[in-house]
There are 2 protein chains.
Amino acid sequence: MHANVKQNLAPLINPGLKLACSQCNLRELCLPFGLSETDMTRLDHLIGGGRKLKRGHHLYRAGDPFESIFAVKAGFFKTDVLTEDGRDQVTGFQMAGEILGMDGISTEVHACNAVALEDSEVCLIPFTELENLSSEIRTLQHHLHKVMSREIVRDHGVMMLLGTMRAEERLAAFLLNLSQRFTARGYSPAEFHLRMTREEIGSYLGLKLETVSRAFSRFQDEGLISVQQKHIRILDIRRLKTLLAPPDGRIS
Amino acid sequence: MHANVKQNLAPLINPGLKLACSQCNLRELCLPFGLSETDMTRLDHLIGGGRKLKRGHHLYRAGDPFESIFAVKAGFFKTDVLTEDGRDQVTGFQMAGEILGMDGISTEVHACNAVALEDSEVCLIPFTELENLSSEIRTLQHHLHKVMSREIVRDHGVMMLLGTMRAEERLAAFLLNLSQRFTARGYSPAEFHLRMTREEIGSYLGLKLETVSRAFSRFQDEGLISVQQKHIRILDIRRLKTLLAPPDGRIS
DNA sequence: AAGTTGCATTGACACAGATCAAAGGGGTAC
DNA sequence: GTACCCCTTTGATCTGTGTCAATGCAACTT
């Protein structure tokens with residue numbers, strides 16, 4: 001299991017990678033959102049430098065002591081949970097501007113693994129210092145709460161997906177979600193490269209990899225998308241969205 | 001749909017119900033955990049009184065403006081999400097000492113419905129004031145973050161359940177979780193009353209009510225539990241736990 | 001006390017998705 | 001540049017859970 005994930009060679013923190021939040025083009029998506037110039041400078045001083053990770057390397061592992069949360073500066077991550085009885089599941093995919101590691105706050109120990117799915121870069125945000133600063137900057141405090149709350153709401157969406165949707169609906173929702181997030185980052189809404197395998201998609205969506213593959217093929221046959229390995233092009237986003245409506249289209 | 005849920009008659013906030021955190025026997029489970037006497041008194045001043053709800057009444061609805069979070073003082077709640085395409089799913093069941101409403105922080109609007117499953121009572125915690133106070137009391141700030149993080153971790157557990165478990169495993173996990181939470185509150189770990197219907201259990205577990213019912217019956221046939229409508233008695237908790245291990249018992 | 005109205009149980013059958021299996025293709029490492 | 005390995009695709013079959021339907025049970029109402 002996970003033979004494809006290379007060992008983490010403990011990449012070092014590199015202060016040279018430190019790019020001030022105030023200079024970062026992700027600041028509108030990320031933690032500094034809404035901060036004044038002066039407050040953003042204070043946040044700059046707190047960020048503990050950047051960290052680069054090669055594809056396949058762990059940002060953190062379940063069980064690691066919790067010290068920081070991380071902002072994805074570039075690249076793509078997955079998080080997965082592994083229970084003692086041998087089950088494992090991908091709980092999310094994170095892209096630039098998104099925050100990783102908040103699962104560790106409650107127990108002071110990370111509850112899941114975070115793995116880079118391509119060469120990536122994160123900002124390290126020491127959590128105790130973030131709490132210190134956020135008690136002085138109300139905007140920052142409130143935004144941190146919003147970020148955590150958004151994660152809760154997102155998880156509820158995934159629970160809905162896993163609890164009520166059929167395979168094709170799940171995959172459609174997944175593609176639309178990716179499309180929307182890429183759009184928000186200035187990339188094409190219709191054409192993108194999947195960073196994860198069919199198995200990882202399946203794990204996230206509660207499906208087997210064969211089912212994911214078949215659903216992709218069926219979407220392609222129906223002219224909804226074109227698939228070439230990890231290359232996806234959405235051809236008919238409108239029809240893709242209608243897949244999400246349940247068969248009888250009842251409205252409550 | 002939801003014809004069984006009575007209309008919310010807008011129960012009023014009752015300052016007379018205000019019981020100080022410092023006097024509450026749930027304080028070790030709830031928000032005041034870890035606070036000093038003096039800090040707890042400050043929290044007391046913030047709590048906006050209690051609110052009683054009859055069974056079937058909404059504490060809040062999706063779309064309501066977000067102003068407060070709530071601590072369950074007594075009773076039992078469910079939260080559910082309802083999407084515009086007509087899907088709905090129970091996202092959680094909350095009992096005494098647990099916090100409700102954190103889904104509303106991110107958008108200033110509640111993202112789900114919260115319904116009392118029995119006559120219940122909550123404490124109202126105005127969120128802006130809580131943020132004010134928590135920026136002065138570091139212990140409170142940190143504990144709030146822990147509570148939110150715990151909710152994220154809990155949701156990941158549910159995602160795991162929905163994504164990887166079979167019907168009987170889901171139900172076993174559900175019963176064990178309830179048992180453990182009742183135990184933490186001083187109730188019997190083995191005997192309890194379900195406050196929710198088979199349909200609500202099914203919605204939470206991503207199953208149809210018939211499947212839930214059949215799984216209960218099979219557990220009873222195998223001597224794991226005894227079921228009489230909503231009355232559950234766990235007869236063999238050890239064997240129930242072994243159900244959670246997947247068939248081949250692989251350990252990663 | 002009887003009637004009404006959900007809620008729960010149980011059975012028969014259908015089907016979506018899992019499983020098992022085999023072959024092809026593309027990216028990565030050397 | 002080449003070879004290997006992993007990822008992906010596709011087919012055939014199996015099975016767990018959903019669906020449809022009917023009956024039973026219990027609590028609440030009048």
Side-chain angles (χ1 to χ4, degrees), chain A residues 1-6 54-57 78 87 89-90 117-119 161-172 193-221 225-232 243 246-248 250, chain B residues 1-6 54-56 78 87 89-90 117-119 161-172 193-221 225-232 243 246-248:
Chain A
M1 183 174 293
H2 287 313
N4 57 323
V5 174
K6 298 182 185 93
K54 288 257 169 239
R55 185 160 77 92
H57 284 214
K78 72 167 178 183
R87 281 175 224 281
Q89 177 159 28
V90 172
L117 294 181
E118 63 181 15
D119 293 358
L161 178 146
L162 292 170
T164 73
M165 291 188 185
R166 318 223 264 98
E168 294 193 357
E169 296 168 340
R170 294 182 199 192
L171 193 64
H193 205 82
L194 297 175
R195 273 74 172 180
M196 68 296 280
T197 66
R198 302 289 189 265
E199 184 169 20
E200 287 163 336
I201 297 172
S203 173
Y204 181 60
L205 299 178
L207 301 169
K208 292 294 161 184
L209 68 98
E210 295 95 329
T211 305
V212 173
S213 178
R214 276 187 249 269
F216 271 133
S217 299
R218 209 157 331 135
F219 284 176
Q220 180 160 249
D221 293 347
I225 64 175
S226 93
V227 193
Q228 252 170 317
Q229 302 292 127
K230 294 195 155 67
H231 226 93
I232 301 287
L243 280 186
D248 57 343
R250 78 196 111 89
Chain B
M1 185 174 290
H2 288 313
N4 56 324
V5 172
K6 298 185 186 93
K54 288 257 171 242
R55 185 159 79 94
K78 72 166 178 183
R87 282 173 223 281
Q89 176 159 29
V90 173
L117 295 181
E118 62 180 15
D119 293 359
L161 179 146
L162 291 170
T164 74
M165 292 188 184
R166 317 219 267 100
E168 295 194 356
E169 296 169 340
R170 294 182 199 193
L171 192 64
H193 206 82
L194 296 175
R195 274 74 172 180
M196 69 296 281
T197 67
R198 301 289 188 263
E199 185 169 20
E200 287 163 336
I201 297 172
S203 173
Y204 181 59
L205 299 178
L207 301 170
K208 292 293 161 185
L209 69 95
E210 295 94 331
T211 305
V212 173
S213 179
R214 278 186 248 268
F216 270 133
S217 299
R218 209 159 329 137
F219 284 176
Q220 180 159 248
D221 292 348
I225 63 175
S226 93
V227 193
Q228 251 169 317
Q229 302 290 127
K230 293 196 158 66
H231 225 93
I232 300 288
L243 279 186
D248 56 343

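So that the names make sense, note that chain A is the first sequence line, chain B the second, and so on, each numbered from 1.
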Should B/Arg87 and A/Glu169 be marked as a salt bridge (Lys or Arg N to Asp or Glu O under 4.0 Å) after you check the CA-CA gap, both sets of side-chain angles, and the distance that decides it? CA-CA 12 Å; B/Arg87 282 173 223 281; A/Glu169 296 168 340; 3.4 Å; yes
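Rounding to whole angstrom units, CD of residue A/Glu168 and P of C/dA18 are separated by 13 Å. Note: CG (A/Leu207) to C1' (C/dA16) measures 11 Å, nearest angstrom. Atom C1' of nucleotide C/dT9 and atom NE2 of B/His231 are separated by 19 Å, given to the nearest angstrom. Rounding to whole angstrom units, CG of residue B/Leu194 and C1' of C/dC7 are separated by 13 Å. Following rounding to the nearest Å, A/Glu200 (CD) and D/dC7 (C1') show an atom-to-atom distance of 11 Å. Spacing between atom CD of A/Glu169 and atom P of C/dA16 amounts to 12 Å, rounded to whole angstrom units. Distance NE2 (A/His193) to C1' (C/dG26): 11 Å, rounded to an integer number of Å. One can place CD1 of B/Ile201 at 14 Å from C1' of C/dT9, the figure rounded to the nearest angstrom.
Environment of CD in B/Glu210: crowded, with over 12 heavy atoms of neighbouring residues, nucleotides or ligands closer than 6.0 Å.
Among A/Leu117, A/Val227, A/Ile201, the single residue meeting the side chain to side chain contact (heavy atoms under 4.5 Å, CB included) criterion with A/Leu194 is A/Ile201. Here the options are A/His231, A/Lys230, A/Glu118, the test is side-chain hydrogen bond (donor to acceptor under 3.5 Å, both in side chains), and the partner is A/His193; only A/His231 passes.
Between B/Asp119 and B/Arg55, none of the side-chain N atoms (NZ, or NE/NH1/NH2) sits under 4.0 Å from a carboxylate O, so this pair counts as no salt bridge.
Atom-to-atom distance recorded for B/Phe219:CZ and B/Ile232:CD1 is 10.0 Å, nearest 0.5 angstrom. In this structure, CD on B/Gln229 lies 12.0 Å from OG1 on B/Thr197, to the nearest 0.5 angstrom. Note that CG of B/Leu161 is 6.0 Å distant from CG of B/Leu205, once rounded to the nearest 0.5 Å. Put simply, CG on B/Leu207 and CZ on B/Arg166 are 12.0 Å apart, with the number rounded to the nearest 0.5 Å.
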Close N/O contacts between protein and nucleotides 8-15 of chain D (under 3.5 Å):
from, atom 1, to, atom 2, distance (Å)
D/dT8, OP1, A/Lys230, NZ, 3.1
D/dT8, OP2, A/Arg198, N, 2.7
D/dT9, OP1, A/Arg198, NH2, 3.1
D/dT9, OP2, A/Arg198, NE, 2.8
D/dT9, OP2, A/Arg198, NH2, 3.4
D/dT9, OP2, A/Ser213, OG, 2.8
D/dT9, O5', A/Ser213, OG, 3.3
D/dT10, OP2, A/Ser217, OG, 2.6
D/dG11, N7, A/Arg214, NH1, 2.9
D/dG11, O6, A/Arg214, NH2, 3.3
D/dA12, N6, A/Arg214, NH2, 3.4

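In the helix from C/dA1-D/dT30 to C/dC30-D/dG1, the rotation axis of the first five pairs and that of the last five pairs differ in direction by 60°, rounded to 10 degrees.
If you check every strand for non-hydrogen atoms under 4.0 Å, B/Gly202 touches nothing.
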